[in-house]
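Report on one structure; see the data block that follows.
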Amino acid sequence: MKMHKWIAVFVGVAVFSVAGIGKAPAANLEVGGEVYIGYFDKYLWRGFDLSGGKPVFQPGIDVGVGGFTFSFWSNIQQNDGELTETDITIDYTFSPHELVEVSVGNIFYNLNDVNEPGLKDTNELYLSVALDTLLAPALTIYWDYDEADSDGLFFTLSGGHSFAVMDNLDVNLGALISYNQASDYAVGAYRDFHNYELGISADYALTDQLVISPSFMFSSGISGPAKRAIDSEILAGINLAFSF
């Protein structure tokens with residue numbers, strides 16, 4: 001299916017979802033979320049360039065209700081409109097303490113194996129603990145229980161800070177470091193530090209509901225096994241989000 005058709009399908013699903021949400025008050029539940037589309041110079045995931053250095057569109061929708069969030073996200077190659085990946089995430093987030101936020105969930109990766117024949121869909125469970133303190137540190141643990149041959153885990157430790165530059169403009173700084181414990185299907189069979197990421201982005205509110213966000217990120221491998229698997233990469237792009 002060509003890119004313009006995928007965009008049409010995405011917009012149709014988004015409109016249908018937002019329309020359906022309008023009926024939610026009957027169930028006395030607060031429902032909200034956002035629909036968005038991003039354009040990036042490549043698809044970078046855990047330091048891996050999954051688009052061959054070619055630009056991509058990345059549309060998605062998040063719908064939250066009662067602590068649960070349902071997310072649908074896709075990656076579309078600009079050059080041929082090929083849909084290479086669709087992720088479906090179910091997340092539950094709660095706060096056991098006013099300074100602590102815990103998230104648990106599952107990510108289903110639906111992968112198109114046109115470029116890599118034999119590539120199988122897979123699932124990851126994750127657990128994340130974040131602190132509402134300076135730099136907002138967050139530790140996340142991922143477990144591919146589906147296609148991984150071992151019981152390896154993948155860890156990320158991230159943090160960042162936002163600055164209000166103007167009433168409708170925020171600048172965000174962020175950093176991440178990851179460790180691979182033999183998560184062999186998605187990352188590799190080694191046990192060592194994987195990559196680090198440094199990012200900067202801006203959120204400019206066009207309206208109360210519409211936000212445009214340019215971003216820039218640098219990623220590089222840390223350990224020897226990681227450097228043999230991934231290159232140092234620069235990722236640049238822009239995202240447009242509509243909240244409801």
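Evaluation of the ring pair (Phe, Tyr, Trp, His ring centres under 6.0 Å) test over residues 163-183, restricted to residues two or more places apart or in two chains, returns His161-Phe163, Tyr179-Phe193. The side chain to side chain donor-acceptor pair (under 3.5 Å) contacts involving residues 192-205 comprise Asn168-Tyr204, Asn172-Ser201, Asn172-Asp203, Ser178-Asn195, Tyr190-His194, Asn195-Glu197, Asn195-Ser219, Asp203-Ser213, where partners must be two or more places apart or lie in separate chains. Counting only residues at least two apart or in different chains, side chain to side chain donor-acceptor pair (under 3.5 Å) contacts with residues 121-136 comprise Arg46-Glu124, Asp91-Tyr126, Asn106-Asn123, Tyr109-Glu124, Asn110-Asp121, Thr122-Asp144, Asn123-Asp146, Ser128-Thr140. Sorted by first and then second residue, the pairs that involve residues 225-244 and meet side chain to side chain donor-acceptor pair (under 3.5 Å), not counting sequence neighbours, are Ser220-Ser232.
Thr207 places a side-chain N or O within 3.5 Å of a backbone atom of Leu210 that can act as its donor or acceptor partner. Between the side chain of Asp184 and the main chain of Gly188, no donor-acceptor pair closer than 3.5 Å is present.
Ring to ring, Phe94 and Tyr92 are close: their centroids are under 6.0 angstrom apart.
Ser71 and Asp62 share a side-chain donor-acceptor pair at under 3.5 Å. Under 3.5 Å, the side chains of Glu85 and Tyr43 contain a donor-acceptor pair of N or O atoms.
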- Task: Could you please spell out the steps behind the side chain to side chain contact (heavy atoms under 4.5 Å, CB included) verdict for Lys42 and Val56?
- Result: CA-CA 6 Å; Lys42 63 177 69 69; Val56 297; over 6 Å; no
- Residue pair Phe40, Ile238: steps toward the side chain to side chain contact (heavy atoms under 4.5 Å, CB included) verdict: CA-CA 7 Å; Phe40 300 90; Ile238 191 166; over 6 Å; no
- Step by step, would you call Val100 with Leu131 a side chain to side chain contact (heavy atoms under 4.5 Å, CB included)? CA-CA 5 Å; Val100 180; Leu131 302 180; 3.9 Å; yes
- Message: What verdict does the side chain to side chain contact (heavy atoms under 4.5 Å, CB included) test give for Trp143 and Ser183, after you've listed the backbone C-alpha separation in whole Å, the side-chain angles of each residue and the deciding distance to 0.1 Å?
- Response: CA-CA 8 Å; Trp143 175 42; Ser183 182; over 6 Å; no
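Put simply, Phe48 and Met217 are part of the same group of oily side chains (I, L, V, M, F, W, Y) that touch within less than 4.5 Å, one to the next. Placement of Ile222 and Leu153 within a single hydrophobic cluster is found when ILVMFWY residues are connected by side-chain heavy-atom separations under 4.5 Å, directly or transitively. No continuous path of ILVMFWY side-chain contacts below 4.5 Å connects Phe216 to Val211, so the two sit in separate hydrophobic clusters. No continuous path of hydrophobic side-chain contacts links Leu127 to Tyr145 [ILVMFWY only; heavy atoms under 4.5 Å]. Cluster membership for Val102 and Ile141, using ILVMFWY side-chain heavy atoms within less than 4.5 angstrom, is not shared.
In terms of heavy atoms, Ser74 sits closest to Leu83 at CB-CD1, 3.5 Å.
Within 6.0 Å of CG in Leu206 there are more than 12 heavy atoms belonging to other residues, nucleotides or ligands.
Two residues are said to be in side-chain contact when any heavy atoms from C-beta on lie closer than 4.5 Å; Gln77 and Ser51 meet this criterion. Residues Phe242 and Glu34 fail the side-chain proximity criterion, which asks for heavy atoms closer than 4.5 Å. Looking at heavy atoms from C-beta onward, Glu82 lies in side-chain contact with Asn112 at the 4.5 angstrom threshold. Put simply, the side chain of Glu30 does not reach to within 4.5 Å of the side chain of Val65, judged on heavy atoms. Side-chain contact between Thr156 and Leu139 is absent, with no heavy atoms from C-beta onward closer than 4.5 Å. Counting heavy atoms from C-beta outward, Ile61 and Trp73 have side chains that stay 4.5 Å or more apart. Under the 4.5 Å side-chain criterion, counting only non-hydrogen atoms from C-beta, Leu240 is not in contact with Tyr36. A 4.5 Å side-chain heavy-atom check between Pro59 and Ile76 finds at least one atom pair inside the cut-off.
A distance of 11.0 Å separates CG of Leu125 from CD1 of Ile90, quoted to the nearest 0.5 Å. Atom CG of Leu111 is separated from atom CG of Asp87 by 7.5 Å, given to the nearest 0.5 angstrom. Residue Asn79 holds its CG atom at 4.5 Å from NZ of Lys54, rounded to the nearest 0.5 Å. Atom OG of Ser103 sits about 5.0 Å away from atom CD of Glu101, to the nearest 0.5 Å.
Phe108 pairs by the ring pair (Phe, Tyr, Trp, His ring centres under 6.0 Å) definition with nothing, not counting sequence neighbours. The side chain to side chain donor-acceptor pair (under 3.5 Å) search around Gln58 returns Asn75, not counting sequence neighbours.
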